[in-house]
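Order of listing sets the numbers, starting from 1, for every ligand and every atom in it. Just so it is clear, the model here is predicted, and its values are computed rather than measured.
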Amino acid sequence: MSNYHIKHLEEYYKVYRKSVREPENFWEEIAEEHFVWRKRWNKVLSWDFKTPEVKWYEGAQLNITENCIDRHLFTKGNKTAILFEPNDPSEEAEHISYRQLYERVNQFANVLKAKGIGKGDRVCIYLPMIPELAISVLACARIGAIHSVVFAGFSATALSTRINDSDCKMVITSDGSFRGAKTIDLKGIVDEALEDCASVESVLVAKRIQSDVSMKEGRDQWLQPLLDDASKECAPEIMDSEDPLFILYTSGSTGMPKGMVHTTGGYMVYTAYTFKNVFNYKQDDIYWCTADIGWITGHSYIVYGPLANGATTVMFEGVPSHPDYGRFWEVVEKHKVTQFYTAPTAIRALAKEKLEYVDRYDLSSLKVLGSVGEPINEEAWHWYNDNVGKKQSPIVDTWWQTETGGIMLSPIPYVTPTIPTYATLPLPGIQPALMDENGNEIDGKQVDGRLCIKFPWPSMARTIWGNHQRYKETYFSAFEDMYFTGDGALRDTVGYYRITGRVDDVIIVSGHNLGTAPIEDVINEHPAVAESAIVGFPHDVKGNALYGYVTLKETGEGRMHDNLRKEINQIITEHIGPIAKLDKIQFTSGLPKTRSGKIMRRILRKIASNDTSNLGDTSTLLNPEVVQEIMENVK
Ligand code: WTA
């Protein structure tokens, strides 16, 4: 029996049972047999969900880049590690071998050191999907600096908030980025963000779009000349298993984005193990995940998981619609991609276009299709299965979170029979539980509840940067001795899980998590706005879109309202980013509230979704006339 690569369903059940009965032995064997450690652990696991504190492989020492790069040099030095596919299809793809990756990461690591970056320092990376992004991430890991990648679609305000929250000493960016037919002035955004970031001492700038940017004397430097002068050897910093590897921000339903802290040993073991199994990874595969490295999917399944397995991982700079809607499939054909991992929102957008965009290309290299980020609806699942996979490639609907670090629920391809919209079974080591509103676990089959995890797994986030109390409150207080995911789920008669969606005030728009409160806070800053409430409503491409109900300090009409709508979306773009813009804005004289003053979002959600036949219990409603007014004005 192989614990590491599961090949049959009975084997899955056996391995799974072992992982639950003897979790320490299970994870010890995997860690022992498949990774390079500088020093062995004293203890595989210690944990307490009350504090909460979790430690994996305590006492062990390692460097994750030795596992992702150095150890492959003898056998795979010339193999492509990163295959970079540029935004513009006429620009040549770049094949970076493991040997070249080793040299480029070391050079970058030496540049960081020369700029005074050392173990434990935070480095903010604000780059487009170019090789420098993956290389800078690995260079930080090489010297033990903590990377904090911020998705290069966030605004200057969102960027500065994240830089300040973790006191980054350095920012790595580029002159700009290509996105389809557009270019974005990233350096300008960084300059604006840094107007109030006292901790930042230096900025390194990669050249990508060859634009004219201003460089601040004493702070900013072009990256390439520094790299050219740097040595290609850099001894890895030896890290403790529980030393932080990175911080990645994710939106909560309220307040500041949460800087989730991931540590080294457990994260490495779990992302590598799940990559191998969920994608049925084999030696000569060409694996492509279309996510951005600015999100957890990119961290775990473009960079760390694939490289720890010695895989070839594709990095795509572009968008699915440029130069036309066939771009993804063109890339699959060109590079003979074997595993393709994307988000439902991309699938829905492509499914709306002519089938000819898919049929034009030879997709016969594909053997596994993946989905992540939000529930995949049945129609999109079938479109993906029929037209992309030609019913030959199993779809792995992978459920997980920034906080979980790695995939938690997913079919294992060619092992687990799939059903559309079901993430199916927990991976080895994952112990899900469904909870009712009174905090009791719901046993049995054909039940639904709040999804929790009752036992630690190696890649779970250990804390929120600078705010352990919030970590405890958000994830470990709703249910005793459980990690609470914020999602609802049902379990069917064979034990398969289906995620039903968020049960908190987080809305997933095109796969991006958006908290309602932070957006409301921004809207309320507009001088004309008294109060606002945001809800989600179903959207056929984005999954959900945002609907804002806004009350004004003084009522106005017509043209004034149109201007206000623009202004509101403008401040949202400035403070958060264009992904948080509202699709619909309705001005109202008030918001429906309970007698205790809480906004009744349930009602607003129903109105926004055009589902007003039954508004549910409205007995605690303080101002029913407002509900009437809102419904009339929708029409
Ligand atoms: C949702 C992305 C249904 C879920 C890796 C989760 C999903 C949130 C799925 C985390 C899926 C992710 N089916 N819902 N396969 N995958 N989600 O932190 O609500 O960006 O809590 O991590 O996305 O989003 P995050």
Side-chain angles (χ1 to χ4, degrees), residues 149-151 153-154 246-253 257-262 267 270-271 274-275 278 289-305 341-348 369-378 380-381 384 395-411 416 418-427 430 432 448 450-453 459-461 464 474-475 478 483-490 496-516 536 542-544 579-580:
V149 182
V150 176
F151 172 61
F154 275 119
F246 65 87
I247 301 170
L248 185 60
Y249 287 87
T250 186
S251 306
S253 50
K258 297 169 286 191
M260 304 313 306
V261 177
H262 282 282
Y267 175 82
Y270 194 77
T271 54
T274 49
F275 174 74
V278 172
C289 165
T290 71
D292 193 290
I293 294 177
W295 310 115
I296 191 68
T297 306
H299 281 60
S300 302
Y301 299 107
I302 295 179
V303 182
Y304 290 113
Y341 190 26
T342 197
T345 183
I347 299 167
R348 287 190 299 262
L369 301 178
S371 171
V372 61
E374 58 183 310
I376 179 166
N377 50 306
E378 196 148 355
W381 194 98
Y384 200 26
I395 296 179
V396 290
D397 179 357
T398 65
W399 173 85
W400 58 298
Q401 310 179 294
T402 305
E403 295 85 339
T404 69
I407 297 168
M408 305 287 280
L409 302 176
S410 171
T416 318
T418 58
I419 305 180
T421 76
Y422 281 77
T424 73
L425 296 169
L427 291 177
I430 305 307
D448 67 273
R450 286 156 193 245
L451 178 63
C452 289
I453 313 289
S459 66
M460 63 190 292
I464 292 174
T474 311
Y475 304 106
Y483 165 82
F484 174 46
T485 65
D487 284 314
L490 63 81
Y496 276 16
Y497 287 86
R498 178 190 190 176
I499 305 298
T500 49
R502 301 290 308 184
V503 294
D504 56 9
D505 287 325
V506 171
I507 304 172
I508 304 192
V509 179
S510 299
H512 304 309
N513 301 1
L514 298 169
T516 51
K542 301 182 193 182
N544 296 293
I579 49 180

Ring geometry between F246 and H299 (parallel below 30°, tilted from 30 to 60°, perpendicular above 60°):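 Tilted.
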
Do [X] and [Y] have ring centres separated by under 6.0 Å?
X	Y	result
Y483	Y475	yes
Y267	Y304	yes
Y301	W400	yes

By side-chain hydrogen bond (donor to acceptor under 3.5 Å, both in side chains) - contacts of D505 (at least two apart):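 Partners of D505 under the side-chain hydrogen bond (donor to acceptor under 3.5 Å, both in side chains) test: none.
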
Under 4.0 Å from ligand 1 - residues by heavy atom, chain and number: I296, T297, V372, G373, E374, P375, D397, T398, W399, W400, Q401, T402, D487, I499, R502, I508, N513

NZ/NE/NH1/NH2 to OD/OE distance under 4.0 Å, R348 and E374: yes

